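Quick caveat: nothing in here was measured; it's all calculated off a predicted structure.
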Amino acid sequence: MDYSPLIGQVMNIWWLLPIVILGALLKSSWFKGKLGEALVKSAVWYRLPKETYTPFHDVTLLTADGTTQIDHVFVSAFGVFVVETKHMKGWIFGSEWQAKWTQKIFKKTFQFQNPLRQNYKHAKTIEQLLEAPEGSVKSLIVFTGDSTFKTEMPANVTHAGGFIRYIESFSEPVLQKDQVEDAVDRIRSGRLERGFKTNREHVRHLRKRVNPESERACPKCGNQMVIRTVKKGERAGQLILIINIISIMEY
């Protein structure tokens, strides 16, 4: 049987694969998060005086229950600013005390964790690491992208370049020069090495924190196993343990 016509068809559409992969990547939450962080880094580079503020980006620190990953930390005599970025579009609804906030894009509605609560742990981790004076560590949320606040937000929830104005609104020193230098040294020495391995371990800690039983080792091969729900067939709806092929490929 001559397979050349079929092979020719496959080769003709092969060039579409990179476009499909790129399209999926651009729509992923990972890419949107990285884009938001890049926009913040760019604004800081141009607008925050380097002699006054020492920036740290993508900081992963050890905690009692695993790790915590912080988008940005800015150290200065006026305080240590711990920043969480959200690259989103649409209308944003929320208040300081709500557990979930709402994103509305036309007729579609989505909920996401209150970023103030999310960043609370980040700020507390930095506070403990630095043994910082009370009130010197400040939590700050930055929304980037084509989003609009539809409810009144606290002063430390900002949009686009508004976070620069918020940081610069603190003009009274709360840290001495030696305290600033010590804070910079502690973050530099305490952060985990940036890279794929650290990110992978952080994601694994998050999964275990949300569902401690979601991962376990295969008794035969020792590879990581995960819980999955059967979607089709006689066992639909049942929970099963399968070997996590992705984790095997990562090593």
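Ser147 and Phe143 get closest at one heavy-atom pair: OG-CB, 4.0 Å. When all heavy atoms of Ile167 and Phe74 are compared, the closest pair comes out as CD1-CD1, 3.9 Å. The minimum heavy-atom distance linking Ala123 with Val137 is given by the pair O-CG1, 3.7 Å. Annotation for Phe78 and Ser171: closest pair CE2-O, 3.2 Å, computed over non-hydrogen atoms. Between Glu96 and Pro154, the shortest heavy-atom distance links the atoms CB-CG, 4.0 Å. In terms of heavy atoms, Ser95 sits closest to Asn114 at O-ND2, 3.4 Å.
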> Does the side-chain contact (heavy atoms from CB on, under 4.5 Å) test come out yes or no for Gln103 and Ile105, once each step is laid out?
Replying inline: CA-CA 7 Å; Gln103 175 191 31; Ile105 305 174; 3.6 Å; yes
>> Quick one, Trp101 with Leu116, criterion side-chain contact (heavy atoms from CB on, under 4.5 Å). Give me CA distance, side-chain angles, the key distance, then yes/no.
In response: CA-CA 10 Å; Trp101 286 10; Leu116 289 168; 4.1 Å; yes
>> Under the criterion side-chain contact (heavy atoms from CB on, under 4.5 Å), I'd like the reasoning laid out for Lys124 against Thr68: C-alpha separation, chi angles, the key distance, then a yes or no.
In response: CA-CA 11 Å; Lys124 283 299 180 182; Thr68 192; over 6 Å; no
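Under the 4.5 Å side-chain criterion, counting only non-hydrogen atoms from C-beta, Thr54 is not in contact with Val180. In this structure the side chain of Leu130 reaches within 4.5 angstrom of the side chain of Ile187, judged on heavy atoms. Counting heavy atoms from C-beta on, the side chains of Thr67 and Gln69 never come closer than 4.5 Å. Contact annotation: the side chain of Ile126 approaches that of Leu61 to within less than 4.5 Å [non-hydrogen atoms, C-beta and beyond]. Residues Ser136 and Gln179 have side chains not in contact (no heavy-atom distance under 4.5 Å, counting atoms from C-beta outward).
To the nearest 0.5 Å, atoms NZ (Lys138) and CD (Glu127) are separated by 10.5 Å. Remark: Gln111 CD to Gln98 CD distance equals 8.5 Å, nearest 0.5 Å. Between Ile164 atom CD1 and Leu140 atom CG the span is 9.0 Å, to the nearest 0.5 Å. The line from OG1 of Thr144 to NZ of Lys89 is 13.0 Å long, rounded to the nearest 0.5 Å.
For Gln118 and Lys86, the side-chain atoms include at least one donor-acceptor pair closer than 3.5 Å.
Counted within 6.0 Å of NZ on Lys50, heavy atoms from surrounding residues, nucleotides or ligands total more than 12; the atom is thus considered enclosed. No more than 12 heavy-atom neighbours from other residues, nucleotides or ligands sit within 6.0 angstrom of CD on Gln176. For OH of Tyr120, the number of neighbouring non-hydrogen atoms (other residues, nucleotides, ligands) closer than 6.0 Å is 12 at most.
Although no hydrogens or angles enter the test, the distance criterion places a donor-acceptor pair under 3.5 Å between the side chain of His159 and the main chain of Gly145. Listed for the Asn119 side chain is no donor-acceptor partner under 3.5 Å among the backbone atoms of Ile141.
In this structure, Phe163 has its ring center no closer than 6.0 Å to that of Phe81.
Test His72, Arg191, Arg188 against Val59 for side-chain contact (heavy atoms from CB on, under 4.5 Å) and you get one pass: Arg191. A side-chain contact (heavy atoms from CB on, under 4.5 Å) with Val83 is found for one member of Thr158, Val142, Asp71, Asn156 and no other, namely Val142.
Residues Val82 and Val75 share a single hydrophobic cluster, defined by chaining ILVMFWY side chains whose heavy atoms lie under 4.5 Å apart. At a threshold of 4.5 Å between side-chain heavy atoms, the hydrophobic network of Ile, Leu, Val, Met, Phe, Trp and Tyr places Trp91 and Met88 in two separate groups. Using a 4.5 Å cut-off between side-chain heavy atoms of Ile, Leu, Val, Met, Phe, Trp and Tyr, with links allowed through other members, Met153 and Phe93 fall into different hydrophobic clusters.
Of the charged side-chain nitrogens involved, none lies within less than 4.0 Å of a carboxylate oxygen, so that Glu168 and Arg47 do not count as a salt-bridged pair.
Note: Tyr166 and Phe170 have perpendicular aromatic rings, judged against thresholds of 30 and 60 degrees for the angle between ring planes.
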